[in-house]
Amino acid sequence: MEKKKSFNTKDINIFKNKTFYTKTDIKTRDLGKKFASVLKPQDIVFFNGNLGAGKTTFIQGILSYFGIKKFVRSASFMLVSEFKTKFCPIYHLDLYRLDENNALNLGIDEYLFGQGISLIEWCDRLKYYNIKNRWEINIDYIEDGRKIKIKRFL
Ligand SMILES: Nc1ncnc2c1ncn2[C@@H]1O[C@H](COP(=O)(O)OP(=O)(O)OP(=O)(O)O)[C@@H](O)[C@H]1O
Ligand SMILES: [Mg+2]
């Protein structure tokens, strides 16, 4: 695995418990791309926000930072997409269709507690919601775009 060039603790403070406002999907993607620089293997990022809030858009930005240009959709019919990067694997989990009671049967542990970075939409479906070490990104509609709150829990 390659070491990421731009990771440093200063970057974390730019995002830790901060709120951002984006007027367009391009700005949301850019924010995701910048945020990605703080991520390291085994990190878990939970996304909260209504349908069409911009969770997948933010995730597209994260993936582009890691060199993945492939279009990522809000593919709610696909539970997990795995992306190989030079740095570490990245898992995109979209749990929209997940019945809360199924969560344990899916081998989701493999992703959450593996070597990769897990990006999880609709994490309220997950039994592990109270996982301690995580990033949480809340996206809300506002009149003029989106409000994006980023929190770090340890
Ligand atoms: N400021 C903005 N940030 C993000 N998306 C925006 C913004 N303004 C408009 N959009 C549009 O909102 C939609 C966001 O879709 P996206 O798939 O990212 O949402 P989602 O939260 O992943 O939804 P789902 O819950 O269905 O997976 C896109 O069509 C995007 O172009
Ligand atoms: Mg989505």
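Both ligands and their constituent atoms are indexed starting at 1 by order of listing. The figures that follow rest on heavy atoms only: side chains count, while hydrogens, waters and symmetry mates do not. Keep in mind that this is a model prediction, so the values were computed, not measured. Position 1 is the first residue of the sequence; numbering continues from there.
Residues Gln42 and Ile117 fail the side-chain proximity criterion, which asks for heavy atoms closer than 4.5 Å. You'll find the side chain of Ile148 stays beyond 4.5 Å of the side chain of Tyr21, heavy atoms only.
Counting heavy atoms closer than 4.0 Å to ligand 1, residue Trp122 contributes side-chain atoms (C-beta onward) but none from N, CA, C or O. Within the 4.0 Å heavy-atom criterion, neither part of Ile139 lies near ligand 1. With a 4.0 Å cut-off on non-hydrogen atoms, Thr57 touches ligand 1 through its backbone as well as its side chain.
Ion pairing between a basic and an acidic side chain is recognised when a charged N comes within 4.0 Å of a carboxylate O; Lys33 and Asp30 show no such pairing. Contact check on Lys23 versus Asp144 returns a salt bridge, with a Lys/Arg side-chain nitrogen under 4.0 Å from an Asp/Glu carboxylate oxygen.
Within the 4.0 Å heavy-atom shell around ligand 1 one finds Asn50.
A side chain to side chain contact (heavy atoms under 4.5 Å, CB included) with Thr57 is found for one member of Ile139, Thr28, Ile26 and no other, namely Thr28.
Those atoms of ligand 1 with a heavy atom of Thr24 less than 4.0 angstrom away are 1 (N), 2 (C), 3 (N), 7 (C). Close approach to Thr22 involves these atoms of ligand 1, each under 4.0 Å from a residue heavy atom: 1 (N), 3 (N). Interface of Lys23 with ligand 1, defined as ligand atoms under 4.0 Å from a residue heavy atom, comprises 1 (N). In summary, the atoms of ligand 1 found under 4.0 Å from a heavy atom of Leu51, numbered by their order in the structure, are 23 (O), 25 (O), 26 (O).
A cation-pi arrangement, defined by a distance under 6.0 Å to the six-membered ring centre and an angle within 45 degrees of its axis, is absent between Arg134 and Phe46.
Here the shortest heavy-atom distance to atom 6 (C) of ligand 1, taken over Lys55, Arg146, Arg29, belongs to Arg146.
Checked against a 3.5 angstrom limit, the closest N/O atoms of Gly52 and ligand 1 fall inside it. Annotation: Ala53 places an N or O atom under 3.5 Å from an N or O atom of ligand 1; distance criterion only.
Taking backbone and side chain together, Tyr96 holds no N, O or S atom under 2.8 Å from the Mg ion (ligand 2).
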Could you go through the ring-ring contact (aromatic ring centres under 6.0 Å, His included) check for Tyr65 and Phe35 one step at a time?
-> CA-CA 9 Å; Tyr65 175 85; Phe35 170 75; 10.0 Å; no
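The name of the N, O or S atom in Glu121 nearest to the Mg ion (ligand 2) is OE1.
For Asn133 and Arg152, the side-chain atoms include at least one donor-acceptor pair closer than 3.5 Å. Defined by atom type and a distance below 3.5 Å, a donor-acceptor pair is missing between the side-chain atoms of His92 and Glu82.
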